[in-house]
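First comes the structure, then the notes that go with it.
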Amino acid sequence: MAPQLSSPTPAADVLRVRYTRRLPTSLGDLAGPVQGRVELPLHVAWSGLRTYDLDRPQQRMSLYRTVLAEGQRDDLVVFLNRDLLLAQWSDLRPLISRHIRTVWEEAFPELVRHASTGGS
């Protein structure tokens, strides 16, 4: 009798687990800067731009997208700011992967509420 082979775990499940493990305990933990220049470490911004100006909306959005995708829990806390994340979530959410968006919105429903009310 041949041994049973387990079926491979779907990639979506692997990604969800990976992003869930990185989540901060609460959005209040996100105490990153709100203005000025930020340089991301190489393990986060391993390809392309590493220094971002938070006073420039496109660069700020790019930094958040990079940190959400590549950052570990400590990076999220250090480089993301709760108020900025809430303020730009409605614009940011279509720019990030479905897996990241789902994990963050399930963990922090206030992101969805804030985006749907236009930030009020």
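Residue numbers run from 1 in the order of the sequence given.
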Once rounded to the nearest 0.5 Å, what's the spacing between atom [atom1] of [X] and atom [atom2] of [Y]?
X	Y	atom1	atom2	value
Leu49	Glu39	CG	CD	10.0 Å
Gln58	Tyr52	CD	OH	12.5 Å
Trp104	Leu92	CH2	CG	10.0 Å
Arg101	Leu111	CZ	CG	12.0 Å
Ile96	Met61	CD1	CE	10.5 Å
Leu63	Leu40	CG	CG	4.5 Å

Are Val38 and Trp46 linked, directly or through intermediate hydrophobic residues, by side-chain heavy-atom contacts shorter than 4.5 Å (ILVMFWY only)?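 No, Trp46 and Val38 fall in different hydrophobic clusters.
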List for me each residue that meets side chain to side chain contact (heavy atoms under 4.5 Å, CB included) alongside Asp55, sequence neighbours excluded, and say none if there are none. Gln35, Asp53
Considering non-hydrogen atoms only, spot the tightest contact between [X] and [Y] and give its length.
X	Y	value
His99	Leu15	CD2-CD1, 3.4 Å
Pro41	Asp75	CG-OD1, 4.3 Å
Glu106	Pro109	O-CD, 4.1 Å

Within the structure provided, determine whether Leu54 and Val34 are in side-chain contact (heavy-atom separation under 4.5 Å). no
Residues 76-89, side-chain donor-acceptor partners within the protein, below 3.5 Å, at least two apart:
unit_1	atom_1	unit_2	atom_2	d
Asn81	OD1	Asp83	N	2.9
Asn81	OD1	Leu84	N	3.2
Asn81	ND2	Gly32	O	2.9
Gln88	OE1	Arg60	NE	3.1
Trp89	NE1	Glu105	OE2	2.8

Enclosure of Arg73 CZ (heavy-atom neighbours >12, cutoff 6.0 Å): yes
Without placing hydrogens or testing angles, list every side-chain donor-acceptor pair under 3.5 Å for residues 19-28, not counting sequence neighbours.
unit_1	atom_1	unit_2	atom_2	d
Thr20	OG1	Arg16	O	2.7
Arg22	NH1	Ala69	O	3.1
Ser26	OG	Gly28	N	3.2

